[in-house]
Amino acid sequence: MLFAMIAKDKPNALDQRLAVRPVHLEHLDSLGQQLRLAGALLDADGRPEGSLVVIEAETIEAATAMFEADPFFKEGLFASVEIKPWRLAYDHMSPKA
């Protein structure tokens with residue numbers, strides 16, 4: 001099953017986000033095929049202000065554990081986090097065969 005994490009950064013957290021980003025990306029790489037997509041949520045000026053991450057896991061508990069292992073989460077970057085089951089309806093990002 002797919003699960004999405006929608007997380008909003010604490011105010012004025014851009015410097016912290018940029019400092020932690022290299023180990024955050026290493027963590028995402030370590031998820032392998034369980035990671036389906038990930039990216040920053042942007043403010044009106046195009047600066048990161050949160051994260052959207054979609055992973056595949058057996059249960060919401062397993063998904064939550066993976067999300068909580070992310071350095072962004074562990075370093076307290078987020079002001080709010082929502083984890084929800086997610087269903088893909090359209091995939092126009094994948095190359096056509």
Side-chain angles (χ1 to χ4, degrees):
M1 177 173 236
L2 296 175
F3 295 91
M5 178 185 76
I6 304 99
K8 296 289 295 212
D9 294 355
K10 294 187 293 191
N12 304 309
L14 183 58
D15 288 341
Q16 180 185 11
R17 171 179 275 275
L18 295 176
V20 177
R21 187 171 186 264
V23 290
H24 161 72
L25 295 177
E26 288 176 14
H27 169 73
L28 293 179
D29 282 340
S30 77
L31 296 176
Q33 291 300 309
Q34 286 182 289
L35 176 66
R36 295 310 175 124
L37 63 91
L41 301 173
L42 305 177
D43 67 14
D45 296 319
R47 291 184 301 259
E49 67 171 4
S51 297
L52 170 64
V53 181
V54 177
I55 61 170
E56 186 171 357
E58 291 292 321
T59 64
I60 196 164
E61 293 82 10
T64 298
M66 281 190 269
F67 290 132
E68 289 178 351
D70 188 311
F72 278 176
F73 195 100
K74 290 165 76 173
E75 292 293 324
L77 178 70
F78 301 132
S80 66
V81 175
E82 187 172 11
I83 298 170
K84 292 284 198 175
W86 186 72
R87 179 177 50 226
L88 178 67
Y90 290 96
D91 182 1
H92 292 279
M93 294 183 356
S94 297
K96 302 294 180 207

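Note that these values count all heavy atoms, side chains included, but never hydrogens, waters or copies made by symmetry. Predicted model, so just to flag it, every value in this text is computed and none were measured.
- Residues L42 and L52 do not share a hydrophobic cluster, clusters being chains of Ile/Leu/Val/Met/Phe/Trp/Tyr side chains in contact below 4.5 Å.
- Atoms CD and NZ, from E82 and K8 in turn, are 12.0 Å apart once rounded to the nearest 0.5 Å.
- Using a 30° and 60° split on the angle between ring planes, H24 and F72 fall in the parallel class, below 30°.
- Test V23, L28, D29 against E26 for side-chain contact (heavy atoms from CB on, under 4.5 Å) and you get one pass: V23.
- Rounded to the nearest 0.5 angstrom, M93 CE and L88 CG are separated by 9.0 Å.
- L41 and A7 make their closest contact through CD1-O, 3.7 Å (heavy atoms, listed as atom of the first residue, atom of the second, distance).
- In terms of modelled atom types and a separation under 3.5 Å, the side chain of R36 and the main chain of Q33 share a donor-acceptor contact.
- With rounding to the nearest 0.5 Å, the separation of CD1 in I60 from NZ in K84 is 7.5 Å.
- Of all the heavy atoms in A69 and K74, the pair that sits closest is O-CD, 3.2 Å.
- Each of M1 and I6 belongs to its own hydrophobic cluster when Ile, Leu, Val, Met, Phe, Trp and Tyr are linked at side-chain heavy-atom distances under 4.5 angstrom.
- One distance of note links OG of S51 with CG of D9; it measures 6.0 Å at 0.5 Å rounding.
- Among E61, M66, E68, the one residue that satisfies the side-chain contact (heavy atoms from CB on, under 4.5 Å) test with T64 is E68.
- Criterion: ILVMFWY side-chain heavy atoms under 4.5 Å apart, direct or through other members. Under it, L35 and V20 are part of a common hydrophobic cluster.
- In terms of heavy-atom proximity, L77 sits nearest to R17 at CD1-N, 3.8 Å.
- Judged purely by atom type and a 3.5 angstrom limit, E75 has no side-chain atom pairing as donor or acceptor with the backbone of Q16.
- Looking at M5 and F78, their side chains come closer than 4.5 Å, going by heavy atoms from C-beta outward.
- Using a 4.5 Å heavy-atom threshold, the side chains of F67 and V81 count as separate.
- Residues I55 and L31 meet the side-chain proximity criterion, which asks for heavy atoms closer than 4.5 Å.
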